[in-house]
S.K.: 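Encoded as structure tokens, here's the structure I'll be asking about.
Below, chains carry the letters A, B, ... as their sequence lines are ordered, and counting in each starts from 1. What you see is a predicted model; the values in this text were computed from it and never measured.
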Number of protein chains: 2
Amino acid sequence: MKKQYKSLYPRNVAVEQGRPLNYCGIRCCLEVLGGKWKLLIIAELFGGTRRYSVLKRAIPEISEKMLISSLQELEFHAIVVRKVVEAVPPQVEYSLSAYGQSVSPVLETLLGWGEGHISQYSDKIFN
Amino acid sequence: MKKQYKSLYPRNVAVEQGRPLNYCGIRCCLEVLGGKWKLLIIAELFGGTRRYSVLKRAIPEISEKMLISSLQELEFHAIVVRKVVEAVPPQVEYSLSAYGQSVSPVLETLLGWGEGHISQYSDKIFN
DNA sequence: ATACCTACTTACAAAAATATCAGTACCCTG
DNA sequence: CAGGGTACTGATATTTTTGTAAGTAGGTAT
């Protein structure tokens with residue numbers, strides 16, 4: 001990984017006791033799990049180890065760039081594990097780390113709330 | 001409210017059974033609760049009813065525009081309630097609706113995971 | 001009379017996120 | 001030997017999100 005992970009909290013914010021002012025668990029989640037694709041990728045990986053090309057086909061709307069960069073950030077945060085299989089053509093397998101499994105309740109809760117919201121307010125969402 | 005809420009899912013996506021292809025609870029959450037400020041505002045409102053100016057002071061880094069527009073979207077989605085108090089100077093109170101209280105587990109779970117993540121990986125986050 | 005408070009709105013600018021697309025290296029198949 | 005598959009990288013463009021700053025209206029305090 002040449003690419004350096006870039007922390008999302010602004011640099012001009014004061015730092016207190018080792019963390020930026022008002023940095024909290026929610027901001028951390030938004031930083032680590034937020035964005036358009038990461039939770040969807042994680043959800044897919046809860047189904048098991050997936051090769052790059054399989055992930056791509058599982059989430060067809062995602063661009064390769066976003067898929068790769070999301071995977072790289074998740075790997076940086078120790079949530080996913082990247083494993084190269086020496087083969088021709090090359091294979092790279094992505095899976096959730098043991099730590100990555102800890103995202104499960106987050107995913108479940110969000111999914112549950114979201115599905116409930118859709119069923120109550122689909123008219124507002126899909127207007 | 002003149003401002004029309006704009007759904008975040010792309011219009012060019014095929015719709016199946018009343019919802020866009022691959023639309024799921026997670027995407028719904030990202031749409032309704034996502035963004036930089038909404039969950040923080042909700043967290044603040046879990047502390048009770050707050051006037052606009054009080055919210056502003058509670059989250060000092062937020063711009064007025066973001067505060068207002070976040071509140072408006074949350075109101076649109078029936079999560080917060082806006083109440084005008086006839087007084088001089090004018091007062092507007094924001095609070096969570098009964099439905100808005102249902103976000104509680106989402107908030108708790110995210111906060112919990114995030115705080116845990118910070119304590120394990122603060123070196124990676126605050127590099 | 002001037003400044004200031006409230007809860008906003010609006011136009012515009014900047015920044016950040018995401019998309020598009022071409023290119024890479026390797027080998028394999030027809 | 002052309003074409004295709006794999007897992008990427010990098011430049012650039014577009015879109016989306018967020019920020020800045022000024023303005024509004026009615027009233028109050030100085």
S.K.: Would you indicate which nucleotide in C/dT6, C/dA11, D/dA11 comes nearest to any side-chain atom of B/Pro90?
M.R.: C/dT6

S.K.: Quick check on C/dA19: is either OP1 or OP2 less than 4.0 Å from any side-chain nitrogen or oxygen of A/Lys36?
M.R.: yes

S.K.: In whole angstrom, give the distance that lies between atom NZ of B/Lys38 and atom C1' of D/dT16.
M.R.: 12 Å

S.K.: Given D/dA7, is OP1 or OP2 found less than 4.0 Å from the side-chain N or O atoms of A/Arg82?
M.R.: no

S.K.: Taking OP1 and OP2 of D/dT6, is either one under 4.0 Å from a side-chain nitrogen or oxygen of A/Arg57?
M.R.: yes

S.K.: When the distance from CG of A/Leu67 to P of D/dT6 is rounded to whole Å, what number comes out?
M.R.: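 For the pair A/Leu67 CG and D/dT6 P, the rounded distance is 13 Å.
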
S.K.: Evaluate the side-chain proximity of B/Lys36 to B/Met66: yes if any heavy-atom separation is below 4.5 Å, no if none is.
M.R.: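 A side-chain contact is absent here, since even the closest heavy-atom pair is not under 4.5 Å.
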
S.K.: Hey, could you give me the CG/CD1 distance between B/Leu33 and B/Ile79, rounded to the nearest 0.5 Å?
M.R.: 5.0 Å

S.K.: Side chain of A/Ser63: nearest nucleotide among C/dT20, C/dA11, C/dT9?
M.R.: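 Ranking C/dT20, C/dA11, C/dT9 by closest atom to the A/Ser63 side chain puts C/dT20 first.
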
S.K.: Looking only at side-chain N and O atoms, does A/Ser53 come under 4.0 Å of OP1 or OP2 in D/dA7?
M.R.: yes

S.K.: With a cut-off of less than 4.0 Å, is there a side-chain N or O of B/Tyr52 near OP1 or OP2 of C/dC5?
M.R.: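 No, B/Tyr52 has no side-chain N/O under 4.0 Å of OP1/OP2 on C/dC5.
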
S.K.: Assess whether ring pair (Phe, Tyr, Trp, His ring centres under 6.0 Å) is satisfied between B/Tyr99 and B/His77, documenting all intermediate values.
M.R.: CA-CA 10 Å; B/Tyr99 178 64; B/His77 285 297; 9.5 Å; no

S.K.: Between the main-chain N or O of A/Val80 and the side-chain N or O of A/Ser97, is there a donor-acceptor pair closer than 3.5 Å?
M.R.: no

S.K.: Rounded to the nearest Å, what distance is computed from the CE atom of residue A/Met66 to the C1' atom of nucleotide D/dA11?
M.R.: 14 Å

S.K.: I want to confirm an ordering. Mapping B/Lys56 and A/Ile62 to their closest nucleotides on DNA chain C, which one lands closer to the 5' end?
M.R.: B/Lys56

S.K.: Using whole Å, report how far CD of B/Glu64 lies from P of D/dT24.
M.R.: 16 Å

S.K.: Starting at atom CD of B/Glu75, determine the distance to atom C1' of C/dC8, rounded to an integer number of angstrom.
M.R.: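 These atoms are roughly 13 Å apart.
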
S.K.: Can you tell me if B/Arg51 touches the phosphate of C/dA7, counting only side-chain N or O atoms and a distance under 4.0 Å to OP1 or OP2?
M.R.: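 Answer yes for this pair, as a side-chain N or O of B/Arg51 is under 4.0 Å from OP1 or OP2.
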
